[in-house]
Amino acid sequence: MKLAQVIVDVPSMQTDQPFSYLIPPHLAVEIGMRVEVGFGPRHVQGFVVGFDSAPAQLPNNLKPIIRVLDLAPVLNQELLALADYMKETTFAFKVTCLQTMLPSVMKADYQKRLYLVADDPVVRTNYFGEADSLSWEEAEAQGWLKELAVLRDQGIVELRYEVHTKNKIKTERYIKRLFKPEKVQELKAGLRKNSYKQEQLLDDLAKLADEELVAVKQLKADYSTANLNQAEKKGWLTFVAVETYRDPYAERTIQQTSALKLNAEQKKAYEEISRASAEKNHRVFLLEGVTGSGKTEVYLQVIQDTLANGQTAMMLVPEISLTPQMATRFKARFGSEVAVLHSGLSQGEKYDEWRKLERGEAHVVVGARSAIFAPLKNLGAIIIDEEHETSYKQEESPRYHARDLAIWRGKYHHCPVVLGSATPSLESRARGQKGVYQLLKLTRRANTQAKLPTVEIVDMREEMQRRLNSSFSENLEEKLRDRLIKGEQSVLLLNRRGYSSFVMCRDCGFVLPCPNCDISLTLHMDTKTMRCHYCGHEEGIPHRCPNCGKDKIRYFGTGTEKVQEELAQLIPEARVLRMDVDTTRRKGAHEKILTAFGERKADILLGTQMIAKGLDFPNVTLVGVLNADTALNLPDFRASERTFQLLTQVSGRAGRGDKAGEVVIQTFNPEHYTIKLAQHHDYERFFKQEMQIRHQTDYPPYYYTVKVTVSHQEEMRAAQKAFQLAKQLQQQLSSQSILLGPTPGAILRIKNRYYYQLIIKYKNEPKLQATLTDILQVSQKDQRQGLLIAIDNEPMYFI
Ligand code: ADP
Ligand code: ZN
């Protein structure tokens, strides 16, 4: 007799361990399957993570598994082991890790139901009728909840939570012929006169082979639903439901491409990586290649080899911004071998792509962060493009970094991992220096006509004196006009990080704050509202100052909408497309904008960070950066690194075709080394200089970091706990480690909770894991009083 070890969907410290359940003989339970089990008064979803032999004397509180939710395991041994690793390194609950690995539609959805437990005939006739249970929604709709609550206290009715399983598989209707083709004439003879449609349908059906299926969709042009239903009634045909995939690329024809002849640098990189793959050698490569150097072509050819060897491959790209063009490039090369996973897909589409990978029907995944969990077997290569991107780190629990998990999976499969970037993270580049990663370089653009663009710096301090309050320098305006005349295109970047548009009273200086968070509300022109970017609070735009009552309320800060208006006044003849969070909220909007720009339906693409990455438009010859330094002065040690990366990335959009490209960077800090080195595309010098600063200030890559955040609805409680933790850490960690804080969070209050944080910097701290686990365990008690502690291993943001 075996018992199943089940991780239950109750994310808390007390329940963060497997629980034993009996396996009823009629259930086929396997490791990696989802099951429904009783937990306290509730039914919850659980994951089977192992088996145990039952003790001779079964404990009498042992419960059976109620139901199996999968026909086959949804997590294999590798992914279960990966969940263990993730739990250990992110301090997250095991169940959170397991759920994160699966498409979101597979997350449990709970239903409340009321059961009649003591058969009371009056209650039965009044509330339950023939059934012995009642959905919560129905009871609520009937206004019975109060009465039923009394019955519940008397033990007559019981409330249960049950796992609700949605049918997530999409089916399509097909038809199949039921009569013998020889019988056509006979059937026709039985019809009334002038039944042309019926006759035509009989003829068409007769032409089908036996058992052949035809999609109802295809018949729509010739026959109405009524025609087909009638035919079914007469026994001519039957409807068959066939499982189908929702394919977001079905409507598109993608031109097939084949491998390009690689240049010498590309060839060397490709050969090294491909050899490691063929030899089943786990190594990490850092492919440092300037923008447009043909990194993607190297990835494509490596993957081609892995497929030829009967292996699979994984290609991660940062968030949605990159996906449309990138996904198309992969589809163009590998067709239906490719499954695409990114946040722009519907839940159903994602689930279908996931199943293609799971069933081995697709062997390549192209996707954003969570594609690292793709259920691929026999991996031959894992590639992370733009490896420096912060979106590879998940900001909520489990706070994993896709790069770390990629390396774990690479080890498991004995396959190479490729980290690609024009501007590697300092951490990765330093590992390249030490030989932990093998460094491969591409130093020039692959298209021999294309040169790296020339970059000009405009000092906005001077410019502001001449052109009051304009977002555009004279220089940039002139160049924009010049492109317009030549019929070439421009990209304008408005750096939004550390920046927002708010309304301020010109008279008293009052700024409209969020009632729930310590931050000002941001103006949104499209909905004509003020919105909080942290909690979602929304209110109307005030006409009078709520503080002094005067009507001197004005907009401040530079939003993309405001720049667009400015541009319309400055160069009214220019056709401008805007791309920011507001214009890309709807599904597919992102891609539509890019397609329109690619088809030259606009002269200027104006946008935020999301236009900086990956776009490859040969007709773009000018890139303007309106405000290079808003992020440069943020109190975060990665501020320079991020600014350098952004400027390099966006500059890389210029001059990708045969025509030379130009970049104009507008800045208030023209002397800053970050701006100057970005001007000269000099990543290597930036790396050296920045490393010196990190060394002097004891920051990564010289130190590892952990952020501990404490929050509570009362500021005092959060602060107290933070100071108490600081003391405990000081006592338990070695003297080598450095503790920063506690400090209030950069935004002290979010959603009515106060935040305090501590940063631990360490080089070698064997006791850290145990100490942090201990802190979390002890904080269980505090949790009931509303105190929350979060641990972020290698945080991306320090403010
Ligand atoms: P990266 O990923 O490094 O930014 P891409 O792979 O997008 O660079 O390549 C930039 C451009 O150069 C693309 O248009 C691509 O088709 C072209 N390209 C890449 N490799 C070659 C090659 N070996 N010969 C000719 N053109 C190439
Ligand atoms: Zn808010």
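Both counts, for ligands and for their atoms, begin at 1 and track the order of listing. Residues take their numbers from the sequence shown, with the count starting at 1. Only heavy atoms go into these numbers, but all of them, side chains included; no hydrogens, no water, no symmetry mates.
- At a 3.5 angstrom cut-off on N or O pairs, A446 does not count as close to ligand 1.
- By the 30° and 60° cut-offs, the orientation of the rings of F330 relative to F334 is tilted.
- With hydrogens left out, the protein atom closest to atom 22 (C) of ligand 1 is K261 O, 3.6 Å, a heavy atom.
- A distance of 6.0 Å or more separates the ring centres of F285 and Y437.
- Contacts between T296 and ligand 1 below 4.0 angstrom, taking non-hydrogen atoms only, involve backbone and side chain alike.
- A salt bridge links D792 with K393: the distance from a Lys NZ or Arg NE/NH1/NH2 to an Asp or Glu carboxylate oxygen falls below 4.0 Å.
- Atom 8 (O) of ligand 1 has as its closest protein heavy atom G294 N, 3.0 Å.
- Here R329 has side-chain heavy atoms under 4.0 Å from ligand 1, and that is the only part of it that gets that close.
- Taking distance alone, with nitrogen or oxygen atoms compared against 3.5 Å, S293 approaches ligand 1 more closely than that limit.
- In terms of protein heavy atoms, atom 4 (O) of ligand 1 is closest to G292 N, 2.9 Å.
- Here the protein heavy atom with the shortest distance to atom 16 (O) of ligand 1 is L260 CD1, 3.9 Å.
- Aromatic ring orientation, F686 versus Y683: tilted (interplanar angle from 30° to 60°).
- Within the listing of ligand 1, atoms 23 (N) sit less than 4.0 angstrom from a heavy atom of L262.
- Ring geometry for F597 against F617 counts as perpendicular: the plane angle is over 60°, on a 0 to 90° scale with 30° as the lower cut.
- Among all protein heavy atoms, the one lying closest to atom 20 (N) of ligand 1 is Q266 NE2, 3.0 Å.
- A salt bridge between K268 and E271 is absent, with no side-chain N of the basic residue lying under 4.0 Å from a carboxylate O of the acidic one.
- For atom 14 (O) of ligand 1, the closest heavy atom belonging to the protein is D616 OD2, 3.2 Å.
- Centroid-to-centroid, the aromatic rings of Y85 and Y400 stay 6.0 Å apart or farther.
- E488 and T621 form a side-chain donor-acceptor contact under 3.5 Å, judged by distance and modelled atom types alone.
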